[in-house]
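Keep in mind that what you see is a predicted model, and the values were worked out from it rather than measured. This chain uses plain numbering: 1 for the first residue, then up along the sequence.
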Amino acid sequence: MAITDDVLVVGGGIAACTAALSAAETGARVRLLAHKTSTLRQASGLVDVLGYADGDGPFSDPFAGLDSLPDDHPYHVVGEDGIRDGLRLFDEAVGDAYRGGHTDTNALVVTHGGTVKPTARYPESVASGLASASGDMLLVGFEGLTDFDAPVAADHLSAAGVPFDVRGVTVPFPKSFRSDAKVTRFAKALDRDEEVSGKTVRSVLAEAVTAELDGETRVGFPAMLGDDHGEEVRDELAGRLGVPVFEVPTGPPSLLGLKLEDALFDALDEAGVRISTGNPAVGYEATDGRIETVYVDQKSRQTPYEADQIVLATGGLVGKGLDSDRESVTEPVFGCHVPHPEDRYEWSETEAFGDHAFARFGVVLDDELRPVAEDGESHFENLRAAGGVVGGADVAREKSASGVSLATGAVAGRLAGEEASQ
């Protein structure tokens, strides 16, 4: 027997979570069908809406740049109201763990590479390190951790002309771990305040950093200052150092991304969304232009899921929501049309940071967020799409990835939920 719901969301990232939350708000019975861990744990944990467009930026107000985006950009499909609705759902899901919800102004967040990134929402643990805040800055890295070189990051920030002095140092972490230890191991050591030669990890770390302070009024660490008790860790370190402490978002594996994933899935649980994980959607059955059944592969056995409405939110090329080879680009679950040049050499530019066509690959939406075929007609009347699988946005250059996911997820989920409830 098929598992039946009103709305089935296929995917597990920020777009899928937002679509499921939005659909649940309509009163629909919603299921999230996630194949694997989302790319959130590979991301910085920052939530961008729009930082740059058409060579302009960084934008202090992300909404001010919307008119500069291409006509086929997803933001033009959902409109400003869709973007704001996605941000509302996000703010409600994460609560006090994030800041930025009180303003339309982008915050300028220091990154682990020593750049300044315009972002709309950022973890509370990052707040004291904003580039727009006053106060000289000391960045602290740890020996053996190669994903954050504090002296290099400080040099880059200085070269970028930040309005404060910034210096970077590298110190040993109070405890030694295996060379392949994950960032969560360091965070747990700080969570538990583990013993080190009769002292504790937090106290030894504070002593090492105190010896390096030279008048700086805030101290930044890579984002690993505790997992379950991060606020407690930061408060104790700040008290011992006598200055505010903040986290610098780092690359994968990202503890801030993991925390964001946990917060979103907690919100799904609270909203009553049913969650099925670990198995990929591999096929479907359709009748008269409507998807009737989605099949999931469970140990080589196909399990059927049925729903009145479907939302496709499987991600882009990085998340494997799109497949590509030397000949073509395809959407593998429902076979939706993905426009792309026939000549593969036109997919990219010679410059590494050029305007690459592949960056905008994805399905094309109608005004109801339904993927359309080459003739402009929707593939299925009960299928909508959201997030990275949608084309038209160069999210890396625009700094818009999370915003596109939130906005399209919010609108696709709401439309699906409302239609299922009719």
From [X] atom [atom1] to [Y] atom [atom2], the distance as rounded to the nearest 0.5 Å:
X	Y	atom1	atom2	answer
Phe246	Glu124	CZ	CD	13.0 Å
Ile3	Glu306	CD1	CD	10.0 Å
Leu365	Arg370	CG	CZ	11.0 Å

Practice problem: Among Val126, Thr250, Leu46, find the residue that satisfies the side-chain contact (heavy atoms from CB on, under 4.5 Å) test when tested with Leu256. | Solution: Val126

Quiz prompt | Under-4.0 Å salt bridge between Arg88 and Asp85 | solution =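 Salt bridge between Arg88 and Asp85, a charged N being under 4.0 Å from a carboxylate O: yes.
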
Exercise. State whether Phe63 and Arg84 meet the cation-pi test: NZ (Lys) or CZ (Arg) under 6.0 Å from the six-membered ring centroid, and within 45° of the perpendicular axis.
Key: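 Output yes; distance and angle both within limits.
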
Practice problem: Please work out which of the three classes, parallel, tilted or perpendicular, describes the rings of Phe358 and Phe361, given edges at 30° and 60°. | Solution: perpendicular

Quiz item: What orientation do His73 and Tyr75 show, parallel under 30°, tilted 30 to 60°, or perpendicular over 60°?
Solution: tilted

Residue [X] excluded, over 12 heavy atoms near [atom1] under 6.0 Å:
X	atom1	answer
Asp71	CG	no
Glu92	CD	yes
Glu231	CD	no

Quiz item: Glu247 and Ser125: which non-hydrogen atoms are nearest, and at how many Å?
Solution: OE1-OG, 2.7 Å

Exercise. Could you tell me which non-hydrogen atom of Arg414 sits nearest to which non-hydrogen atom of Ser22, and how far apart they are?
Key: N-OG, 3.1 Å

Self-check item: Full working for side chain to side chain contact (heavy atoms under 4.5 Å, CB included) between Gln309 and Arg290
Solution: CA-CA 9 Å; Gln309 300 290 316; Arg290 291 182 62 85; 3.9 Å; yes

Quiz prompt | Stepwise side chain to side chain contact (heavy atoms under 4.5 Å, CB included) check, Lys188 with Asp227 | solution = CA-CA 6 Å; Lys188 290 298 184 184; Asp227 186 359; 3.8 Å; yes

Quiz item: Could you walk me through whether Thr217 and Asp136 pass the side-chain hydrogen bond (donor to acceptor under 3.5 Å, both in side chains) check?
Solution: CA-CA 6 Å; Thr217 57; Asp136 294 342; over 6 Å; no

Quiz prompt | Residue pairs passing the ring pair (Phe, Tyr, Trp, His ring centres under 6.0 Å) test where at least one lies in residues 279-332, sequence neighbours excluded | solution =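 Counting only pairs at least two positions apart or across chains, the ring pair (Phe, Tyr, Trp, His ring centres under 6.0 Å) contacts touching residues 279-332 are Tyr284-Phe334, Tyr284-Phe380.
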
Quiz prompt | ring pair (Phe, Tyr, Trp, His ring centres under 6.0 Å) assessment of Phe186 paired with Phe142 | solution = CA-CA 11 Å; Phe186 293 82; Phe142 298 117; 7.2 Å; no

